[in-house]
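Structure first, commentary second.
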Amino acid sequence: MKIIHFVHNYFGFSGASKQAVGIAKGINERDKEIEQQFFTLSASREITNADGFVIHTSKKKLIPRCLQFISLIKKFKPNVVHFHGADFALLVLCKVFNVKVYWKSTLFGSDDFISLTSGKMGHVKKKLLKYIDVNNTLTKQIYLSNIKLLECAKLVTIPNGVMISENNIKKDKVAIIVSAIIPRKSIYEGIEFFNKNLRKHGYRLFIIGPRSETLDGFDASYYDHCFAIANSDVYFMGELPQLNVFDYLNKAQYLIHLSKQEGMPNVVLEAMSFGAYPIVTSMDGLSDELIENGVSGFNVDGGIDFDVSLFKGENLFGREFIRNNNSFSVVAGKTIDVYRKLVEN
């Protein structure tokens with residue numbers, strides 16, 4: 001079986017791309033007979049290797065993108081193209097070349113089907129969605145949107161995966177934010193929460209993530225506002241390698257993640273894997289799928305006051321939930337099952 005994974009930005013600060021790589025590695029561990037390559041968008045056109053996979057990069061413009069994708073299909077002859085994000089032009093090409101499509105919806109409010117078809121060319125996109133063979137809705141929240149435009153038989157709900165930490169957990173009075181410093185991620189509000197609720201208890205806050213003008217949605221004045229309300233217990237660490245992030249997660253008591261909209265935030269899953277308690281917004285109901293408010297995390301919109309005494313030591317309930325539902329091994333196994341059904345039909 002041959003699989004092409006399509007991701008918009010393989011080499012950038014993209015949760016969807018990191019998910020795709022993690023799942024592909026999990027698939028390799030479970031079934032080495034499955035061949036996998038990646039197709040991604042970039043400023044240049046080249047073929048390279050990363051993370052043990054062949055990566056085909058293409059310019060973003062429509063014609064070069066389509067021509068290179070056609071060339072890859074003809075040479076690699078995939079059974080399935082796994083879309084980690086939307087691209088309707090490539091979807092049409094899969095239909096033309098009779099390649100099965102497994103399409104993952106990654107962000108509610110952005111690429112769920114109601115959002116995708118509410119703007120320009122929406123009526124055309126509604127018709128093109130019928131070309132999808134299986135759609136992974138990722139969450140119940142996205143499922144309720146997508147079922148309005150695609151038949152139930154084509155929908156599955158498989159969550160994001162994370163690496164399961166086997167470290168000896170040792171918690172300290174540390175809270176962290178792991179995110180690009182952009183308005184959509186509500187970093188300012190996260191610092192405010194820390195200043196109000198955790199600083200007085202002796203906690204420090206480490207903010208890990210890029211603050212670059214190249215980021216989608218970057219606002220220099222917003223970053224300045226975030227920096228202005230920081231204090232001596234708030235540290236801006238910049239973007240760090242994943243292993244360093246894991247070191248912080250291992251000692252963090254809390255992850256603060258107050259983004260208003262998410263597909264399924266990888267960092268929240270990773271935090272629970274490392275025994276940290278996530279502090280989140282309701283995310284339009286998504287938080288109910290991830291945490292039990294006041295037990296395995298805290299929902300700032302949940303109607304109860306924050307009480308630091310409720311979240312002592314390691315988040316054992318959260319760790320067990322993630323181990324059973326969100327390990328890359330579990331997610332990869334479910335993904336392989338989808339591939340096999342597609343190829344058999």
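In what follows, every heavy atom counts, from backbone to side chain, and hydrogens, waters and symmetry copies are set aside.
- In this structure, the side chains of Lys125 and Phe88 come closer than 4.5 Å at one or more pairs of heavy atoms.
- In this structure, the separation between CE on Met283 and CD on Gln141 is 8.5 Å, given to the nearest 0.5 Å.
- Atom CZ of Phe193 sits about 13.5 Å away from atom OG of Ser186, to the nearest 0.5 Å.
- With hydrogens and angles disregarded, no donor-acceptor distance shorter than 3.5 Å links the side chain of Arg45 to the backbone of Lys59.
- Lys251 forms a cation-pi arrangement with Tyr248, by the criterion of a distance under 6.0 Å to the ring centre and an angle within 45° of the ring axis.
- Distance alone, capped at 3.5 Å, places no donor-acceptor pair between the Asp301 side chain and the Thr281 backbone.
- Ring geometry, Phe113 versus Trp103: the interplanar angle exceeds 60°, so the pair is classed perpendicular (tilted spans 30 to 60°).
- The residue from Lys171, Arg319, Lys170 that alone fulfils the salt bridge (Lys or Arg N to Asp or Glu O under 4.0 Å) condition with Glu314 is Arg319.
- Taking the six-membered ring for Trp and the full ring otherwise, Tyr339 and His82 have centroids separated by under 6.0 Å.
- Annotation: ring-ring contact (aromatic ring centres under 6.0 Å, His included) contacts of Phe236 (sequence neighbours excluded): Tyr223, Phe227.
- In this structure, Asn98 places its CG atom where only 12 or fewer heavy-atom neighbours from other residues, nucleotides or ligands lie under 6.0 Å away.
- Checked for salt-bridge contact, Lys140 and Asp288 miss the test: no charged N lies under 4.0 Å from a carboxylate O.
- In this structure a side-chain-to-backbone donor-acceptor pair under 3.5 Å is missing from Asn299 to Asn293.
- In summary, the aromatic rings of Phe274 and Phe246 are positioned with their centroids under 6.0 Å apart.
- Remark: the backbone N or O of Lys74 is paired with a side-chain donor or acceptor of Lys77 at under 3.5 angstrom.
- With sequence neighbours excluded, the residues satisfying side chain to side chain donor-acceptor pair (under 3.5 Å) with Asn266 are Gln19, Asn160.
- Each of Asp112, Asn135, Asp111, Thr157 was scored for a side-chain hydrogen bond (donor to acceptor under 3.5 Å, both in side chains) with Asn146, with one residue passing: Asn135.
- Side chain of Thr40 to main chain of Val7: a donor-acceptor pair is present (N/O by atom type, distance under 3.5 Å, no hydrogens or angles).
- Using a 30° and 60° split on the angle between ring planes, Tyr254 and Phe311 fall in the perpendicular class, above 60°.
- Residue Lys312 comes nearest to Gln253 through the heavy atom pair C-NE2, 3.8 Å, listed as atom of the first residue, atom of the second, then distance.
- For Tyr203 and Phe194, the gap between ring centers reaches or exceeds 6.0 Å.
- Using a distance-only test at 3.5 Å, with no hydrogens or angles considered, a donor-acceptor pair links the side chain of Asp31 to the main chain of Glu33.
- A distance-only check finds a donor-acceptor pair linking the side chain of Lys154 to the backbone of Lys130 [under 3.5 Å].
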Begin from the C-alpha positions of Phe39 and Ile73 and carry the test side chain to side chain contact (heavy atoms under 4.5 Å, CB included) through to its verdict. CA-CA 10 Å; Phe39 185 81; Ile73 285 178; over 6 Å; no
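- Rounding to the nearest 0.5 Å places CG of Asp337 at 6.5 Å from CZ of Arg340.
- Thr57 is linked by a side chain to side chain donor-acceptor pair (under 3.5 Å) to nothing, counting only residues two or more places apart in sequence or in another chain.
- We find the OG-CZ distance between Ser115 and Phe108 to be 6.5 Å, quoted to the nearest 0.5 Å.
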